[in-house]
Visitor: 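Here it is, the structure in full.
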Amino acid sequence: MKFGLPPIIGTYLFPLLAPQLLQANLLNRMQPVEQGSQRLLSLVSTGSIDFAFIGILDEVKDPNLVVNYFANSTFKIIVSKNHPLAHRTQPLYFKDLASYPFIALTNSFTHNKAFSRLETINAIHPTRIFHTDDIQIVKKLVAQNVGISFITAIALQPDDDLIALDLADKGVPEFKIGLAYRESFPPAPALLDLIISFHPWSN
């Protein structure tokens with residue numbers, strides 16, 4: 001089975017699910033295709049892959065696709081422990097970030113779309129001083145106080161040496177995590193049942 005695996009879900013969520021897939025004798029039948037979520041949706045729609053894990057902001061409206069959402073994650077502002085925002089006690093709004101330089105993920109990530117949406121709503125455009133496809137580089141640069149960033153909480157680990165801050169704005173997008181497949185070609189029932197009953201935040 002060819003299946004889509006976006007970078008962040010592949011790094012932080014799929015390893016939590018893999019032991020259950022192995023126990024169900026499914027893991028050895030799965031061949032990952034690693035791309036961004038939007039590209040993976042196209043590959044599922046055309047039949048190039050059988051199904052895909054996706055992380056998106058909005059409901060998928062392709063009538064040929066079914067998406068079972070099984071988790072969501074908030075977006076956080078991350079800063080170093082030495083950053084002026086690290087010990088902020090007042091609510092943090094996106095407009096408060098206008099003067100801070102950002103380390104950003106590239107356009108292949110849903111993060112970029114979420115960040116652009118907040119820019120449009122608030123009519124401010126913070127400077128993005130560096131772009132990368134590597135979430136680990138983002139976190140390391142932030143930890144070194146090179147800039148701040150905007151990432152989903154799923155990508156944060158206890159040993160990251162970072163401070164994660166919530167945005168108090170209304171309407172901050174959520175990172176919806178789901179399994180997408182063609183309505184005419186659903187995954188095997190055992191696989192589908194296992195994935196949609198998966199609750200990653202309880203691990």
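Quick note: residue numbers are just sequence positions, from 1. Small disclaimer: the values here were computed from a predicted structure and weren't measured.
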Visitor: Has the side chain of Lys76 got a donor or acceptor atom that lies under 3.5 Å from a matching backbone atom of Ile151?
Guide: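 No.
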Visitor: If you group Ile, Leu, Val, Met, Phe, Trp and Tyr by side-chain heavy-atom gaps below 4.5 Å, do Leu65 and Leu57 land in one group?
Guide: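 The answer is no; the residues belong to distinct hydrophobic clusters.
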Visitor: Salt bridge check, Arg39 against Glu34: does any charged N sit closer than 4.0 Å to a carboxylate O?
Guide: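 So Glu34 does not pair with Arg39 through a salt bridge.
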Visitor: Are there over 12 heavy-atom neighbours, none belonging to Gln157, within less than 6.0 Å of that residue's CD?
Guide: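 Yes, CD of Gln157 has more than 12 neighbouring heavy atoms, counting only those of other groups under 6.0 Å.
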Visitor: Could you see if Phe185 belongs to whatever hydrophobic cluster contains Ile54? Use Ile, Leu, Val, Met, Phe, Trp, Tyr and a side-chain cutoff under 4.5 Å.
Guide: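 No, no single cluster joins them.
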Visitor: Indicate, with yes or no, if Leu85 and Tyr93 share a hydrophobic cluster defined by side-chain heavy-atom contacts under 4.5 Å among Ile, Leu, Val, Met, Phe, Trp and Tyr.
Guide: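 No, separate clusters.
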Visitor: Counting only N and O atoms by type, is there a donor-acceptor contact under 3.5 Å from the side chain of Asn122 to the main-chain atoms of Leu118?
Guide: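 Judged by distance alone, yes, a pair lies under 3.5 Å.
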Visitor: Could you state whether Ile56 and Ile135 fall into the same hydrophobic cluster, counting links through intermediate Ile, Leu, Val, Met, Phe, Trp or Tyr residues with side-chain heavy atoms under 4.5 angstrom apart?
Guide: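 No, no single cluster joins them.
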Visitor: Within the structure provided, determine whether Phe109 and Pro6 are in side-chain contact (heavy-atom separation under 4.5 Å).
Guide: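 In short, these two side chains do not touch, never coming nearer than 4.5 Å.
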Visitor: Quick check: does any side chain N or O of Thr127 sit under 3.5 Å from a backbone N or O of Ile129, one acting as donor and the other as acceptor?
Guide: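 Side chain of Thr127 to backbone of Ile129: no pair is present.
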Visitor: Using the side-chain contact (heavy atoms from CB on, under 4.5 Å) rule, take Ser108 and Asp133 through it: C-alpha gap first, then chi angles, then the decisive distance, then the call.
Guide: CA-CA 8 Å; Ser108 62; Asp133 282 320; 3.3 Å; yes
Visitor: Judged by atom type as modelled, is there a donor-acceptor pair below 3.5 Å linking the side chain of Asn112 to the main-chain atoms of Leu105?
Guide: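 Answer holds: yes.
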Visitor: Is it true that a side-chain atom of His111 and a backbone atom of Thr152 form a donor plus acceptor pair closer than 3.5 Å?
Guide: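 At least one qualifying donor-acceptor pair exists.
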Visitor: Checking side-chain contact (heavy atoms from CB on, under 4.5 Å) for the pair Ile196/Tyr69: CA distance, chi angles, key distance, verdict?
Guide: CA-CA 7 Å; Ile196 64 176; Tyr69 298 97; over 6 Å; no
Visitor: In terms of the angle between their ring planes, are Phe198 and Phe70 parallel, tilted or perpendicular, with boundaries placed at 30° and 60°?
Guide: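 Phe198 and Phe70: tilted rings.
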Visitor: When rounded to the nearest 0.5 angstrom, what is the spacing between CZ in Arg117 and CG in Asp58?
Guide: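 The CZ atom of Arg117 sits 4.0 Å away from the CG atom of Asp58.
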Visitor: Determine whether a donor-acceptor pair (N or O, by modelled atom type, separation under 3.5 Å) exists between the side chain of Arg128 and the backbone of Phe130.
Guide: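 The answer is no, because no donor-acceptor pair under 3.5 Å joins these two groups.
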Visitor: Using a 3.5 Å distance criterion without hydrogens, assess whether the side chain of Thr46 forms a donor-acceptor pair with backbone atoms of Leu43.
Guide: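 Yes.
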Visitor: Is the backbone N or O of Ala143 less than 3.5 Å from a side-chain atom of Asp161, with the two atoms forming a donor-acceptor pair by type?
Guide: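 No, because the side chain of Asp161 does not come within donor-acceptor range (under 3.5 Å) of the backbone of Ala143.
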Visitor: Kindly compute the distance separating CZ (Arg88) from CD1 (Ile163), expressed to the nearest 0.5 Å.
Guide: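 These two atoms lie 14.5 Å from each other.
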Visitor: Verify whether one side chain among Asn64 and Ser45 offers a donor that lies under 3.5 Å from an acceptor in the other.
Guide: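 No.
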Visitor: Check whether Asp160 reaches the backbone of Leu162 with its side chain - one donor and one acceptor, N or O, closer than 3.5 Å.
Guide: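 Answer holds: no.
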Visitor: Got a donor-acceptor contact below 3.5 angstrom from the Ser149 side chain to the Phe102 backbone?
Guide: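 Checked: no pair found.
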Visitor: Any chance you could lay out the side-chain contact (heavy atoms from CB on, under 4.5 Å) test for Val67 and Leu179, step after step, and finish with the verdict?
Guide: CA-CA 5 Å; Val67 182; Leu179 184 77; over 6 Å; no
Visitor: Side-chain heavy atoms nearer than 4.5 Å, only ILVMFWY residues, links allowed to pass through others: does that put Leu13 and Met1 together?
Guide: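 In one cluster: yes.
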Visitor: Can you tell me how the ring of Phe53 sits relative to the ring of Phe3, calling it parallel under 30°, perpendicular over 60° and tilted otherwise?
Guide: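 Rings of Phe53 and Phe3: perpendicular, as their planes differ by over 60°.
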